[in-house]
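Scroll down for the structure; my scribbles are underneath it.
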Amino acid sequence: MAYWGTLFHEEPLIGSLFDQGFRPESASSDLLPKSTSPGEDILRGLSEFLPPRELSDRYFIEYLRVLHPFMPLFDRADLIQRYNQFWANSGQENSIPHFVCVLFVIYYAACMSRSDYLKYSPGEPQIRKHNAYQADMDKYLMATKLALQECDFPMRPTVLCLVAVTILQTVVYRTSSVHNASELAQLIRVAQLMGMHRDPANFATTSIEPAEARLRRSVWWQLVCLDAHVSITNGLPPTIQTVHQDVKLAPEDVGLEQDQMAQLLSNGKYLAARMLSDQSYSIYGLDKVKQSKFDQLVEDVAVFRADIKRRVDVISSMTFEQRHPESSLEILRKIQRCACIFLDLLSSRTCYMLYHPNFENWAAKRIDVVKAAMHVLRLHIEYTRLPDSVEFMWYIRMGQPHHGLMLLLKDIYHRPDDAIEEEGGHNAGTDGRITVVEETIANVRYLRLNELSSFAAGQWKTILKVKESVWETVARSNRPSEQTAGSEIESGDGGIVDGPELGPPTNGSEFGRLDSDIVGADGPDVNEDVLVQLLNLDSWDIDWASYGYDV
C-alpha cells in the first residue's frame with residue numbers, strides 16, 4: 001500500500017482508509033479531525049527537542065555550508081523555503097509535519113560536523129564544546145527516532161521521512177557492518193515500495209512537482225551509493241541492480257556555481273556507484289566472468305573516467321563570483337579542492353575493482369589496476385590533508401581506504417619481487433606499493449580514523465596483521481635495499497636487520513583505544529614514540545608541518 005499511498009500524494013486520509021482495510025463504513029467524518037492538524041499531532045511531545053530559533057538557524061547554516069554540498073538531496077532554495085515555512089507555522093497547524101524528521105537529522109548532522117571540526121582542527125583545546133556537541137548529537141538522534149515513530153515510518157512511509165532516514169544512514173558511523181547492511185536493505189525495500197526506483201516522469205497520471213521529482217531522484221541515487229559501499233565492504237552482491245531501475249540523474253545546470261558544483265559532484269558519485277554495483281554484481285557471482293563481460297566493464301570504466309575528467313575540469317574552472325550571501329568563498333574553494341580530488345579518487349577506484357580472480361583476464365590489466373589502487377591511496381592522503389579538509393572530516397571519515405590497502409597487500413604478498421614505481425615522481429627507485437601502504441596507514445593512524453568505533457578498530461587490527469605477514473614475506477625475498485625503500489639494512493656483521501618498515505606493526509591494542517573524545521592542543525593525540533618512528537623514515541614525504549607539528 002505504500003506505493004499507492006505515494007501516488008495519492010501521501011494523503012493522511014487515504015492512509016487511514018488503508019489502515020482500516022478500506023471498508024466503506026470506515027470512511028466516516030470522525031477520520032477527518034485526525035488529519036486536519038497533523039503538525040500538532042507529530043510535534044506534540046517533541047517540542048522539548050526543538051532548539052531556540054537562533055540556535056536552529058546556526059545549525060541550519062552549518063548544514064548548508066559543509067554538509068549539503070556533499071549530499072544535495074534537496075534543492076538548496078527548496079530546502080531553505082521548507083525550513084522557513086516550518087518555523088513560520090511552528091506551534092500552529094503545520095502543512096509539512098514530516099519535515100520535523102528532516103530537521104532533527106539536520107541538527108544531528110550539524111552537531112556532528114562541529115564536533116569533528118573541534119576534534120581535528122589545530123588550536124586551543126575545546127573539550128567542553130566538543131562534549132557539548134556530542135551530547136546534542138545524542139539528543140537529536142533520539143528526537144529523530146521519536147519523530148519517525150510518530151510519523152509511523154516505515155509502516156506508512158513518506159518522501160520526507162525517507163529523506164531523513166537516508167541522511168541519517170549516510171552520516172551515522174555504524175558499529176557493525178551487519179546492522180548497517182540490514183538497515184540499508186530495509187530502507188531500499190521501503191523506497192522500492194514507494195516507487196522510488198522508477199523515474200517520476202513515468203507517472204504520467206499523477207502530478208509530481210519538479211522539486212519533489214528532483215528530491216525523489218536524489219534520495220534514490222543516494223541509496224544506490226550506500227548500497228554499493230555496503231556491497232564492497234561486506235563482499236556481497238548489491239541489493240540494487242541497475243537493470244531494475246530507470247531513475248534519471250538530477251539536472252546539473254541549476255542555480256549558482258556552488259549549486260552546480262554540488263550536483264556535478266553528486267552525479268559523479270551516483271555514476272560511480274552504478275559502475276561499482278555492476279562490477280560487484282559480476283565479482284561476487286558464482287561463476288567466472290567471461291571475457292566479453294570483462295571487456296565490456298573495461299570499456300564502461302573508460303567512458304566513466306572520461307566523464308569524471310569533464311566534471312573535474314568544469315568544477316576547477318568555477319570562480320564563485322556570485323554566491324549565496326551565507327556562503328564563504330574560502331569554504332567554497334576548499335569544497336572545490338575536495339570535490340576534484342574525490343572525483344579523481346572515484347575514477348581510479350572503479351579501475352582497481354577489476355582486480356579480482358573472478359575475472360578470467362584480470363592479470364592482463366594487473367599493472368593498471370595496481371597503479372590505480374596506489375593512486376587512490378595517494379589521493380586519500382591528499383584528500384585528508386589538514387587543515388585544508390578539516391571542515392569536511394565528517395565526510396572524509398566515512399570513506400576509509402580498506403579495499404585499496406588490502407588489494408596492494410595481496411599483490412605484494414604474491415609478487416614481492418615485482419616492484420612498481422608510483423607515478424607522479426613519488427619516491428623514485430622504490431617499490432611504490434610498499435611506500436604508499438605505509439604512508440596511508442600512518443595517515444589513518446594520525447587522523448585516528450581507526451578509533452571511530454570498536455568495529456573500525458577491529459578492521460584496522462586485521463589490516464595490521466595482514467601487513468605484518470606480508471612484510472615478513474618481503475623480508476624473506478632478500479631484495480636489495482634500494483628497491484624496498486629502506487626495508488632491509490645490512491648490519492655491521494654482515495647480517496640482515498629489519499628496518500623500521502619491515503618491523504612488526506605498532507601494537508594492535510593501541511588501535512582499540514576508544515578515547516577519540518580527547519582533543520590535543522595541536523589536533524588529535526598521537527603517541528610520541530610513533531611520531532619519532534614515523535619521522536625517521538626518510539622515504540616518506542608526509543608534510544608533517546601542515547598537520548601542525550614543528551619538525
Side-chain angles (χ1 to χ4, degrees), residues 49-90 96 99-121 123 126 129-130 132-141 143-144 147 160 163-164 166-168 170-172 211 215 218 222 254-263 265-266 318 320-339 387-396 398:
F49 293 100
L50 282 175
R53 178 64 190 268
E54 182 181 357
L55 181 58
S56 173
D57 288 347
R58 289 208 301 268
Y59 286 154
F60 187 66
I61 291 172
E62 174 73 10
Y63 183 87
L64 289 177
R65 192 176 68 106
V66 297
L67 286 107
H68 174 78
F70 293 92
M71 192 172 39
L73 302 185
F74 290 93
D75 174 78
R76 183 167 51 82
D78 178 49
L79 180 59
I80 293 173
Q81 180 181 358
R82 290 175 187 261
Y83 176 79
N84 290 331
Q85 182 182 355
F86 175 86
W87 279 103
N89 295 329
S90 181
I96 49 171
F99 185 71
V100 71
C101 302
V102 176
L103 199 56
F104 282 136
V105 171
I106 285 176
Y107 296 153
Y108 172 88
C111 290
M112 176 198 63
S113 173
R114 296 309 300 166
S115 173
D116 281 355
Y117 178 84
L118 292 176
K119 176 180 176 181
Y120 290 102
S121 62
Q126 301 186 65
K129 285 185 178 180
H130 178 269
Y133 282 126
Q134 292 283 322
D136 280 349
M137 286 169 59
D138 293 338
K139 178 176 74 173
Y140 294 128
L141 183 60
T144 301
L160 289 178
V163 170
T166 301
I167 295 174
L168 192 64
T170 302
V171 300
V172 172
L215 183 60
S218 297
Q222 185 66 21
V254 291
L256 301 171
E257 280 187 328
Q258 64 190 88
D259 300 318
Q260 296 174 21
M261 175 174 64
Q263 201 57 57
L265 171 60
S266 292
M318 292 180 174
F320 309 111
E321 292 181 1
Q322 294 182 345
R323 57 186 181 276
H324 191 267
E326 298 287 351
S327 302
S328 161
L329 180 59
E330 179 186 3
I331 294 297
L332 290 176
R333 291 295 189 194
K334 288 187 174 185
I335 296 174
Q336 184 181 40
R337 169 186 171 272
C338 280
D388 293 351
S389 305
V390 69
E391 288 87 357
F392 319 119
M393 287 307 299
W394 72 270
Y395 187 71
I396 289 170
M398 293 188 299

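Everything numeric here is computed off the predicted structure, so don't read it as measured data. Numbers here simply count residues along the sequence, with the first being 1.
A donor-acceptor contact closer than 3.5 angstrom links the side chains of Arg333 and Gln336. Judged by distance alone, the side chains of Tyr83 and Asp57 do bring a donor and an acceptor atom under 3.5 Å apart.
Counting heavy atoms from C-beta on, the side chains of Phe74 and Val102 come closer than 4.5 Å. Contact check for Leu103 versus Arg82: no side-chain heavy atoms found under the 4.5 Å cut-off. Tyr108 places none of its side-chain heavy atoms less than 4.5 Å from the side chain of Asp136. Side-chain contact between Val163 and Val105 is absent, with no heavy-atom pair separated by less than 4.5 Å. Put simply, the side chain of Met112 does not reach to within 4.5 Å of the side chain of Gln134, judged on heavy atoms. Proximity of Ser389 to Arg337: side-chain heavy atoms (C-beta onward) are separated by under 4.5 Å at one or more points. Within the 4.5 Å cutoff, the side chain of Leu79 has heavy atoms near those of the Leu64 side chain. No side-chain heavy atom of Pro72 sits under 4.5 Å from any side-chain heavy atom of Asp259.
Considering all non-hydrogen atoms of both residues, Leu118 and His130 come closest at CD1-N, 3.6 Å. Listed here is the closest heavy atom pair of Lys334 and Pro387: NZ-O, 3.6 Å.
Across Tyr117, Phe70, Tyr120, a single residue satisfies ring pair (Phe, Tyr, Trp, His ring centres under 6.0 Å) together with Phe392, and that is Phe70.
Each side chain to side chain donor-acceptor pair (under 3.5 Å) pair with one or both residues in residues 63-74, not counting sequence neighbours, appears once here: Glu62-Arg65.
Thr144 places a side-chain N or O within donor-acceptor distance of the main-chain N or O of Tyr140, the cut-off being under 3.5 Å. Side-chain atoms of Thr170 come within 3.5 Å of backbone N or O of Thr166 as a donor-acceptor pair. Side-chain atoms of Trp394 come within 3.5 Å of backbone N or O of Val66 as a donor-acceptor pair. A donor-acceptor distance shorter than 3.5 angstrom exists from the side chain of Arg323 to the backbone of Phe320, with no hydrogens or angles considered. The backbone N or O of Ala262 lies less than 3.5 Å from a partner atom in the side chain of Ser266, making a donor-acceptor pair.
Between Tyr59 and Tyr107, the ring planes are tilted. Angles from 30° to 60° get that label. Taking the six-membered ring where the residue is Trp, Phe86 and Phe99 present tilted rings, their angle falling between 30° and 60°.
Listed by chain and number, the residues in a side-chain contact (heavy atoms from CB on, under 4.5 Å) with Gln260 are Asp253, Met318 (sequence neighbours excluded).
The CD1 atom of Ile61 sits 12.0 Å away from atom CD1 of Ile106, with the distance rounded to the nearest 0.5 Å. Distance check, rounded to the nearest 0.5 Å: CD of Gln263 to OG of Ser218 gives 5.5 Å.
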